[in-house]
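Structure first, commentary second.
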Amino acid sequence: MLITKAPKGTQDVLPQEIYKWHYVENIMRDTADKFNFKEIRVPTFEHTELFLRGVGDTTDIVNKEMYTFEDKGNRSITLKPEGTAGVARAFLQNNLNQEPLPIKMYYVNSPVFRYERPQKGRFREHHQFGIELFGAQSAYADAEVIMLAKTLLKQVGLTSVSLHLNSIGCPKCRPQYNQALKDYLRDNIDQMCGTCKERFETNPLRILDCKVDSCKEIVKDAPKTVDHLCEECDAHFNTLKGVLNELGEEFEIDPLIVRGLDYYTKTVFEFITDTIGAQGTVCGGGRYDNLIEEIGGKPLPAVGFGMGMERLLLTMEAAGVKIPKPEKIDVYFAQMDDKAKDLIAVKLAELRNAGFKAEMDIMDRSLKSQMKYANKIECRYVAIIGSDELQKGTIMLRSMESGEQKEIKNDELLEAVK
RNA sequence: GUGAUUGUAGCUUAGUAGGUUAAAGCGCCAGGUUGUGGCCCUGGAGACCGUGGGUUCGAGUCCCAUCUUUCACCCCA
């Protein structure tokens, strides 16, 4: 039984629905291209160490959600639980910092693995589109990345996915903020949940993200990161907000988004929808100025985001976005005489070479069945060749839309189906 | 990891208070006289009733376990 069942939390994308994926993938490529980002493809798995260092070994993702195993050479390998670390690794390994900066890259349909309990909009394997921009510290880089996401959403027909923005500061201002937060929480920490008690020591920032009601209540009036930014971070954030306003983009400052990956600094943002259930973050990203250094490179600023294909598709469906169906088949060849098959094969090749989408019967069905089949797979024309036509050197060409049918010469086919 | 939920033909479902050969619609395949689709008609294939135990003379229908589905928590795309 198990061998005919996909593992929990994974999904097949079937031939009948693949056009939906192609549709958004094409828009992603086009949009990235307009912003002059270039595609990068990196491995599906990396050395576990990369994620421990890059994503952070106190994060939930690394702690309990990674698909980690030892390969036959005793290397610890992990299926990537997010897209950025692998790209950063490739950036360093291939010395892309020696190329003219900034380096602007994207990836499409990149599989991401996390051991989670599946639910609506959440899977053990999902696919991400993502953007990484290396080398620019300007807030205009943040704006560019955010605008790319925004444009993309618009291109796929989504206008009501809201942008939530925050700044969580940098290593310079973080300690002061953590101090302020701890000072505020200290009196109430007893009433908070177990994980928050731990976070209080290891990563107080993440307490802001806690969903336990009692914790949320306490956190509600906690100091905000945006009020404790150092001069540089504050200026950066103000510039970003300024550009977005200038561009007429709506956003909401959400002091509680902190993101679950340790590499983020300064800007963090999410595009959130309330139409697809509890897992409403369609796109999440931010600035990660420490990542490159963290994994062994010279310090280099960077910004990026990841966008979930499955969630995007769900959101589009919820919004009633109409995705164009694949093009019809131009010509289907029906045969009523074995001797016609070679001729059909030749005609078929001619049509295909000329750029048409064409098929022939390879099931040896009756003419009636061939017609029924042609109808089901949606053809513009059926070209019928039986012994009569074979003799006369003609083809019976039937329009499946109008039902009209005419006999044409063999060599008139290309012209007739245009 | 926690809580709840689901599991009958490819799909959507029906299966009486447990009782003989498990139904239907859609889909699929084939026919409906001489070489032809979309409607209609007829026929056919297709289900070890998720799996493994148990209760019972007898279980798709009851019990247990397990896997799976779905939703939520958590986390995140």
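Proteins get letters first, then strands, A, B, ... in listed order; numbering begins at 1 in each. Scope of the values below: all heavy atoms of this structure, side chains included, with no hydrogens, waters or symmetry mates.
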* What heavy-atom pair brings A:L367 and A:I384 nearest, and what distance separates the two atoms? ->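 That would be CD1-CG2, 4.1 Å.
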* Can you tell me how far P in B:rA22 sits from the matching atom in B:rU61, rounded to whole Å? ->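 Straight-line distance between the two P atoms is 15 Å.
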Candidate nucleotides [options], ranked by approach to the side chain of [X] - the nearest:
X: A:R311; options: B:rA30, B:rU36, B:rC76; result: B:rC76
X: A:D60; options: B:rC71, B:rC76, B:rC75; result: B:rC75
X: A:L367; options: B:rU69, B:rC73, B:rU36; result: B:rU36
X: A:M400; options: B:rU68, B:rG37, B:rC75; result: B:rG37
X: A:R398; options: B:rC75, B:rG38, B:rC76; result: B:rG38
X: A:K372; options: B:rC76, B:rU2, B:rG38; result: B:rG38
X: A:N375; options: B:rG38, B:rC76, B:rG32; result: B:rG38
X: A:Q119; options: B:rA72, B:rA30, B:rU36; result: B:rA72
X: A:K120; options: B:rU36, B:rA72, B:rC73; result: B:rA72
X: A:S366; options: B:rC76, B:rU2, B:rG31; result: B:rG31

* Watson-Crick or G-U wobble partner of B:rC26, both distances under 3.5 Å ->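 The base-pairing partner of B:rC26, which may sit in any strand shown, is B:rG10.
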* Asked: Is there a Watson-Crick or G-U wobble partner for B:rC73 with both distances under 3.5 Å, and if so, which one is it?
  ->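 Answer to the pairing question: B:rG1, which forms a Watson-Crick or G-U pair with B:rC73.
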* Please work out whether the ring planes of A:F91 and A:F134 are parallel, tilted or perpendicular, with thresholds of 30° and 60°. =>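 It falls in the parallel class, under 30°.
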* 5' priority, RNA chain B, between A:G308 and A:R122 [closest heavy atom] ->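 Result: A:R122.
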* **Closest-nucleotide ordering on RNA chain B, the 5'-leading residue of A:E310 and A:K376** =>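 Nearest-nucleotide comparison on RNA chain B picks A:K376.
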* Asked: Under 4.0 Å between a side-chain N/O of A:K8 and OP1 or OP2 of B:rU68, yes or no?
  ->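 So the side-chain polar atoms of A:K8 do come within 4.0 Å of the phosphate oxygens OP1 or OP2 of B:rU68, strictly under.
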* A:R114 and A:D60 ion-paired at < 4.0 Å ->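 No.
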* Taking the six-membered ring for Trp, are the ring centroids of A:Y332 and A:Y373 within less than 6.0 Å of each other? ->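 So the answer is yes for these two rings.
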